[in-house]
A.B. asks: 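Sharing a structure here in structure tokens format.
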Amino acid sequence: MADVDAEPVQLTGQQHPDWLWRTPDPKRSYDVIVVGAGGHGLATAYYLAKNHGITNVAVLEKGWLAGGNMARNTTIIRSNYLWDESAAIYEHALKLWEGLPEELDYDFLFSQRGVLNLAHTLQDVRDSMRRVHANRLNGVDSEWLTPAEVQKACPILNISPDVRYPVLGATWQPRAGIAKHDHVAWAFARRADELGVDLIQGCEVTGFLRDGDAVVGVETSRGPIRAGKVALAAAGHSSVLADTLGLRLPVQSHPLQALVSELLEPVHPTVVMSNHVHVYVSQAHKGELVMGAGVDAYNSYGQRGSVHVIEAQMAAAVELFPIFARAHVLRTWGGIVDVSPDASPIVGGTPFENLYVNCGWGTGGFKATPAVGWVMAHTIATGEPHPLNAPFGLERFTTGALIDEHGAAAVAH
Ligand SMILES: Cc1cc2nc3c(=O)[nH]c(=O)nc-3n(C[C@H](O)[C@H](O)[C@H](O)COP(=O)(O)OP(=O)(O)OC[C@H]3O[C@@H](n4cnc5c(N)ncnc54)[C@H](O)[C@@H]3O)c2cc1C
């Protein structure tokens, strides 16, 4: 099994400098404005500068850097999605993750400890095996494990046949894992800043400057700023922003909650997910059990959710891990995720000239952070989608070429 206790990455840079980026005032114009300083916006800015030499870039953030979903997610990274298009973009991300600590010179605790996706019914088993085969055809590491093998990978998991939904096996992706999300954001931010990108916090985009059907800048809480190109990376608020242009994005915003336990000794060596009993659990480096489930069913922009959802996910967790029964919850929180009809992202151009959108990542966009930055930067720089995001354009909702990842996306982030 993979490396929970792997050697720390040897880095050359200073790990905790006094400041990681400048705090510039916004200029009157930029070549590119990225809206939203979550992981996606920061990675987009970094790759615009690094891969394309475009450095006259601002990332505008209404709150604080990584104050949105980026530092609220449960940090699961994997690439075992069903369809070819998804496997390609998530696997590109995973390959980038594998080199990112060295590239960004920041040890954000990327730990490839493997992910188990449990199967509890015969249909689960069939669907899971289909996914294993599809993954392998796409070069994604994926195996089918029997209940005994599952328990070897995660000894504290209850594989008794006497429970409501016994574990009948699991898919296993050894290269999957977790990373410390806020540090990932800081790592991208520091490098983007060094390359000349302006990271501007406390600057809300309230509308767009237009010249006919072309977007030529943004209105902000700190005045208008002109731009050659504008990219939206605002996650749960994407549709609100697009609305100001009369552009209706096919996404719905939902609260998604997570929780952590008090700090415990290391007991949980991997990541376990169950779509069926509806919970997933890993253990953070500092000892907290990190748990999550599916979205709260209603639409909302409040970064909080309902208690009954937390109750249900804890009940499911105790069913799978009786050992957790006496652990205490330390805190719960919520983020606002933007869910598309086929549970796949929307990444590409819009009907407006010079306006690009990256949204619809729903419950699973953290793992894609480097790849989406990479392909968004390409799309903005060249005006054409990268082959990896070409299938994820807005057009698919009119052509019908949907990429239905509900099975792989659902609760399993
Ligand atoms: C509880 C929870 C658990 C999750 N678990 C996982 C997981 O385990 N694995 C996984 O892959 N994904 C997970 N996700 C999903 C993942 O976090 C998101 O898909 C991803 O973070 C979205 O991209 P982002 O980081 O750029 O978004 P965000 O960090 O939300 O960035 C968007 C930014 O835009 C800013 N913004 C919004 N409107 C404006 C405006 N008008 N002007 C300026 N700025 C604006 C926001 O303040 C925010 O900072 C989870 C999400 C949540 C909430």
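Keep in mind it's a predicted model, so treat the numbers as computed, not measured. Each ligand, and each atom within it, is numbered from 1 in the order the structure gives.
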A.B. asks: Indicate the ring-plane relationship of Tyr301 and His237, choosing parallel, tilted or perpendicular according to the 30° and 60° boundaries.
C.D. replies: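 Tyr301 and His237: tilted rings.
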A.B. asks: With the threshold set at under 4.0 angstrom, would you say Ala66 reaches ligand 1 through any of its heavy atoms?
C.D. replies: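 In this structure, Ala66 fails to qualify as a contact of ligand 1 - no heavy atom is under 4.0 Å.
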A.B. asks: Could you see which bit of His40 sits under 4.0 Å from ligand 1, with heavy atoms only: side chain, backbone, both or neither?
C.D. replies: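 Both backbone and side chain of His40 come within 4.0 Å of ligand 1.
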A.B. asks: Identify, with sequence neighbours excluded, every residue that meets side chain to side chain contact (heavy atoms under 4.5 Å, CB included) alongside Ala185.
C.D. replies: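 For Ala185 the side chain to side chain contact (heavy atoms under 4.5 Å, CB included) partners, ignoring immediate neighbours, are Leu42, Leu65, Ala66, Met70.
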A.B. asks: So, 4.0 Å and heavy atoms of Gly292: is ligand 1 close enough to count as a contact?
C.D. replies: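 Per 4.0 Å heavy-atom rule, Gly292 does not contact ligand 1.
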A.B. asks: Can you tell me how far apart CD (Glu143) and OG1 (Thr171) are? Round to the nearest 0.5 Å.
C.D. replies: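 Separation between the atoms: 10.0 Å.
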A.B. asks: Below 30° counts as parallel, above 60° as perpendicular, anything between as tilted: where do the rings of Tyr90 and Tyr81 land?
C.D. replies: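 Geometry flag for Tyr81 against Tyr90: parallel rings.
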A.B. asks: Is there a nitrogen or oxygen of Val35 sitting under 3.5 Å from a nitrogen or oxygen of ligand 1?
C.D. replies: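 Checking ligand 1 against Val35, no N or O pair falls under 3.5 Å apart.
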A.B. asks: Answer with yes or no after comparing the ring centroid distance for Phe321 and His268 against a 6.0 Å cut-off, counting only values under it.
C.D. replies: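 Yes; His268 has its ring centre under 6.0 Å from that of Phe321.
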A.B. asks: Is there a polar contact, in the sense of an N or O pair closer than 3.5 Å, between Gly335 and ligand 1?
C.D. replies: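 By distance alone, the answer is no.
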A.B. asks: At a 4.0 Å threshold, what atoms of ligand 1 neighbour a non-hydrogen atom of Trp361?
C.D. replies: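 Result: 19 (O).
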A.B. asks: In Å, rounded to the nearest 0.5 Å, how long is the span from NZ of Lys152 to CG of Leu145?
C.D. replies: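 If we round to the nearest 0.5 Å, Lys152:NZ and Leu145:CG are 10.0 Å apart.
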A.B. asks: Nearest heavy atom to atom 41 (N) of ligand 1 wins, so pick from Leu256, Asn358, Val205, Thr74.
C.D. replies: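 Checking each option, the heavy atom nearest atom 41 (N) of ligand 1 is found in Val205.
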A.B. asks: Are Tyr47 and His52 near enough that their ring centres are under 6.0 Å apart?
C.D. replies: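 Aromatic pair excluded; centres sit 6.0 Å or further apart.
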A.B. asks: Between atom OG of Ser79 and atom CG of Asn138, what is the distance when rounded to the nearest 0.5 Å?
C.D. replies: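 One gets 9.5 Å once the value is rounded to the nearest 0.5 Å.
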A.B. asks: Under 4.0 Å from a heavy atom of Leu60: give me the atoms of ligand 1 that qualify, with their elements.
C.D. replies: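 So the answer, numbered in order with elements, is 43 (C), 44 (N).
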A.B. asks: Heavy atoms, side chains only, cut-off 4.5 Å: are Asn80 and Arg131 in contact?
C.D. replies: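 Yes - at least one pair of side-chain heavy atoms lies under 4.5 Å apart.
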A.B. asks: Under 6.0 Å between ring centres, would you say that holds for Tyr298 and His254?
C.D. replies: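 That pair fails the under 6.0 Å test.
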A.B. asks: Can you find an N/O atom of Lys367 closer than 3.5 Å to an N/O atom of ligand 1?
C.D. replies: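 Yes; the residue has a nitrogen or oxygen that sits under 3.5 Å from a nitrogen or oxygen of the ligand.
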A.B. asks: Quick check: does Gln257 get an N/O under 3.5 Å from an N/O on ligand 1?
C.D. replies: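 No, no N or O pair falls under 3.5 Å.
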A.B. asks: Suppose I only count heavy atoms of Gly36 and a 4.0 Å limit; which atoms of ligand 1 are within that range?
C.D. replies: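 Once the distances to Gly36 are compared, the set is 33 (C), 34 (O), 35 (C).
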A.B. asks: Counting heavy atoms only, name the option from Ile33, Val34, Asn73 that's nearest to atom 3 (C) of ligand 1.
C.D. replies: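 It is Asn73 whose heavy atom sits nearest to atom 3 (C) of ligand 1.
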A.B. asks: Under 4.0 Å from a heavy atom of Gly39: give me the atoms of ligand 1 that qualify, with their elements.
C.D. replies: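 Checking each atom against Gly39, I get 24 (P), 25 (O), 26 (O).
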A.B. asks: Ligand 1 and His237, any nitrogen or oxygen pair closer than 3.5 angstrom?
C.D. replies: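 In fact, backbone or side chain, His237 has no N or O that close.
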A.B. asks: With a 4.0 Å heavy-atom cut-off (strictly under), which part of Cys203 contacts ligand 1: side chain, backbone, both or neither?
C.D. replies: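 Backbone only; the side chain of Cys203 stays clear of ligand 1.
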A.B. asks: Is it the case that ligand 1 has an N or O less than 3.5 angstrom from some N or O of Ile76?
C.D. replies: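 For ligand 1, there is an N or O atom that lies under 3.5 Å from one belonging to Ile76.
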A.B. asks: Are any of the N/O atoms on Arg72, whether in the backbone or the side chain, positioned under 3.5 angstrom from an N/O atom of ligand 1?
C.D. replies: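 So ligand 1 has no N or O lying under 3.5 Å from an N or O of Arg72.
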A.B. asks: Could you see which bit of Leu65 sits under 4.0 Å from ligand 1, with heavy atoms only: side chain, backbone, both or neither?
C.D. replies: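 Neither; nothing of Leu65 gets under 4.0 Å from ligand 1.
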A.B. asks: Can you run down the salt bridge (charged side-chain N to carboxylate O under 4.0 Å, His left out) pairs that involve residues 22-37, sequence neighbours left out, and say none if there aren't any?
C.D. replies: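 Qualifying pairs, neighbours excluded: Arg22-Asp193, Arg22-Asp198, Asp25-Arg222.
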A.B. asks: Does the structure place the NZ or CZ of Arg130 under 6.0 Å from the centre of the six-membered ring of Trp83, at an angle of no more than 45° from the ring's axis?
C.D. replies: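 Judged by the rule, Arg130 and Trp83 form a cation-pi pair.
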A.B. asks: Below a 4.0 angstrom heavy-atom separation, can you tell me which part of Ala368, side chain or backbone, both or neither, approaches ligand 1?
C.D. replies: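 Neither part.
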A.B. asks: Which part of Leu241 is near ligand 1, with near meaning a heavy atom under 4.0 Å away: side chain, backbone, both or neither?
C.D. replies: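 Under 4.0 Å from ligand 1, Leu241 contributes side-chain atoms alone.
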A.B. asks: With only distance considered, is Met70 within less than 3.5 Å of ligand 1 through an N or O on each side?
C.D. replies: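 Such a contact does occur with ligand 1.
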A.B. asks: Could you measure the distance from the CG atom of Leu104 to the CZ atom of Arg190? Nearest 0.5 Å is fine.
C.D. replies: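 Between Leu104 CG and Arg190 CZ, I get 8.0 Å after rounding to 0.5 Å.
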A.B. asks: Counting both backbone and side chain atoms, is some N or O of Lys62 under 3.5 Å from an N or O of ligand 1?
C.D. replies: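 So ligand 1 has an N or O lying under 3.5 Å from an N or O of Lys62.
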A.B. asks: How does Thr75 reach ligand 1, by side chain, by backbone, by both or by neither, if only non-hydrogen atoms under 4.0 Å count?
C.D. replies: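 The answer is the backbone.
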A.B. asks: Taking 4.0 angstrom as the limit and counting only heavy atoms of Gly362, give me the atoms of ligand 1 inside it, by number and element.
C.D. replies: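 Once the distances to Gly362 are compared, the set is 15 (C), 19 (O).
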A.B. asks: Could you give me the CA-CA distance, side-chain angles and deciding distance for Glu194 and Lys50, then say whether salt bridge (Lys or Arg N to Asp or Glu O under 4.0 Å) is met?
C.D. replies: CA-CA 10 Å; Glu194 281 171 6; Lys50 180 184 168 251; over 6 Å; no
